[in-house]
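All remarks here apply to the structure that follows.
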Amino acid sequence: MSASLLRKGLELLETAGASAPRPKRAATTSPPSKQSLARARKKKLSRPQKEKATVKGKVIKSALEEYTKHQAVDHFQENVKYMTSSHFMTDSTITQKVLAQNRGRKARDRRQEEEKKKPEGTVFTEEDFQRFEREYFGGTGTV
């Protein structure tokens, strides 16, 4: 906005404000009395208060207890005792069936079959080699 428009607007407000002045409140210089303070307190207490969050019923936990609760617990001894107890033993025939069923399913469980080694040597005799030499090379067969 330009300065001239602001000046014109202020002049209009001054002329409009001069025609209807507003009455100002009279400032009270006396301090509030004890009775008015008591009434104000009573009025404030009688109002329904907002529900505030309380710690009623909340159990305070120590940091040490929280830390130990979240630590891993060693159940090894209990598990060994449970596994070695005799009242949960299965029949040996059943365990052998289960082991036989699961054996060999993984590559690491399969046994490497030993390759049958053929004896060193050939199936051809010396006569066969001489005949081959005569047919293909035209030689006499004597070395």
Side-chain angles (χ1 to χ4, degrees), residues 1-139 143:
M1 268 187 171
S2 66
S4 63
L5 287 174
L6 282 174
R7 266 188 246 117
K8 287 180 184 177
L10 288 173
E11 288 174 7
L12 287 173
L13 286 175
E14 287 176 5
T15 57
S19 63
R22 291 184 184 169
K24 294 184 179 180
R25 284 188 175 181
T28 56
T29 57
S30 63
S33 65
K34 289 182 181 178
Q35 290 178 349
S36 63
L37 289 175
R39 266 188 261 126
R41 265 193 227 122
K42 197 174 195 181
K43 189 176 179 183
K44 188 176 182 182
L45 290 175
S46 66
R47 278 191 242 157
Q49 294 182 353
K50 295 179 184 177
E51 293 183 19
K52 297 179 182 177
T54 61
V55 292
K56 192 175 197 178
K58 183 177 180 181
V59 178
I60 299 171
K61 300 175 186 175
S62 72
L64 184 61
E65 289 174 1
E66 288 292 315
Y67 177 74
T68 55
K69 185 170 81 173
H70 293 294
Q71 290 300 308
V73 181
D74 187 21
H75 297 287
F76 178 74
Q77 292 298 327
E78 297 169 16
N79 292 341
V80 167
K81 188 176 180 182
Y82 177 78
M83 294 295 221
T84 56
S85 64
S86 63
H87 62 280
F88 287 112
M89 297 299 283
T90 59
D91 191 20
S92 63
T93 57
I94 294 172
T95 53
Q96 292 302 321
K97 285 181 184 178
V98 171
L99 289 173
Q101 180 182 5
N102 292 328
R103 188 175 298 127
R105 292 193 172 202
K106 296 178 182 172
R108 68 176 182 202
D109 294 335
R110 293 185 185 154
R111 295 180 182 162
Q112 297 289 333
E113 294 182 13
E114 296 181 14
E115 297 177 9
K116 295 181 180 179
K117 296 184 179 180
K118 295 181 180 179
E120 294 290 328
T122 62
V123 281
F124 299 108
T125 62
E126 187 63 33
E127 295 173 1
D128 293 331
F129 284 117
Q130 290 175 359
R131 194 173 357 147
F132 175 76
E133 187 177 337
R134 271 185 259 128
E135 289 176 6
Y136 289 101
F137 299 113
V143 182

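Throughout, numbering of the chain's residues begins at 1 and tracks the sequence.
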Can any side-chain N or O of Asn79 pair as donor or acceptor with the backbone N or O of Phe76 at less than 3.5 Å? no
At their closest point, which heavy atom of Thr93 faces which heavy atom of Asp91, and how far apart are they? OG1-OD2, 2.8 Å
Has Glu127 got more than 12 heavy atoms of other residues, nucleotides or ligands less than 6.0 Å from its CD? no
Mind checking the NZ-OG spacing from Lys69 to Ser62? Nearest 0.5 Å is all I need. 10.5 Å
Nearest-0.5 Å distance, CD of residue Gln77 to NZ of residue Lys81: 10.0 Å
Reported CD-to-OG1 distance for the pair Gln71 and Thr68, which is rounded to 0.5 angstrom: 8.0 Å
